[in-house]
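This report refers to the structure that appears directly beneath it.
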Amino acid sequence: MANPPLTDKERFFWSRFSKHLIQKGIKPESVRWYRIRAEQFICAFSRRRLASLTPDDISGYLLKVGESPHLKPWQYLQIIDAI
């Protein structure tokens with residue numbers, strides 16, 4: 001099943017997200033992976049507003065993701081940077 005097309009608001013958000021990453025020194029070719037990591041985080045809390053998340057929610061997410069045996073340390077840091 002294909003993803004529905006992005007709304008103008010979503011396109012604007014991801015455009016700002018990408019520009020912010022590039023301003024922080026992330027290579028343009030890596031921005032795609034940061035977006036994927038951020039989308040995974042958003043999907044993990046799809047029933048909640050991100051503004052309502054607590055530090056414990058975020059720590060719990062990072063602990064769960066960090067348990068993956070296939071995740072390399074640099075990928076874990078990328079997840080942290082993305083969110």
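Numbers here simply count residues along the sequence, with the first being 1.
- One distance of note links NZ of Lys72 with CD of Gln78; it measures 12.0 Å at 0.5 Å rounding.
- By the 30° and 60° cut-offs, the orientation of the rings of Phe17 relative to Trp14 is perpendicular.
- Annotation: side chain of Lys27 is not in contact with side chain of Ile22 (no heavy-atom distance under 4.5 Å).
- Between the CG atom of Asp81 and the CG atom of Leu21 there is a distance of 8.5 Å, given to the nearest 0.5 Å.
- Heavy atoms from other residues, nucleotides or ligands lying under 6.0 Å from CZ of Phe45 number more than 12.
- Checking Leu63, Ile58, Val65 one by one against Tyr61, the side chain to side chain contact (heavy atoms under 4.5 Å, CB included) holds for a single residue, Val65.
- For the pair Arg37/Tyr76, no side-chain contact is recorded, criterion being any heavy-atom separation below 4.5 Å from C-beta on.
- To the nearest 0.5 angstrom, Arg35 atom CZ is 16.0 Å from Ile26 atom CD1.
- Nearest heavy-atom pair, Val31 versus Ser18, reported as atom, atom and distance to 0.1 Å: CG1-OG, 3.5 Å.
- Scanning for salt bridge (charged side-chain N to carboxylate O under 4.0 Å, His left out) contacts around Glu10 gives an empty result, with sequence neighbours left out.
- In terms of modelled atom types and a separation under 3.5 Å, the side chain of Arg48 and the main chain of Ser52 share a donor-acceptor contact.
- Under the 3.5 Å distance criterion, the side-chain polar atoms of Asp57 are matched with a main-chain donor or acceptor of Thr54.
- No hydrogens or angles considered: nothing links the side chains of Asp56 and Ser59 as a donor-acceptor pair under 3.5 Å.
- Residues Phe41 and Leu62 form no side-chain contact, since every pair of their non-hydrogen atoms from C-beta on lies 4.5 Å or further apart.
- Nearest heavy-atom pair, Arg11 versus Leu6, reported as atom, atom and distance to 0.1 Å: NH1-O, 2.7 Å.
- Side-chain contact between Ile42 and Ile83: absent, with no pair of heavy atoms (C-beta onward) separated by less than 4.5 Å.
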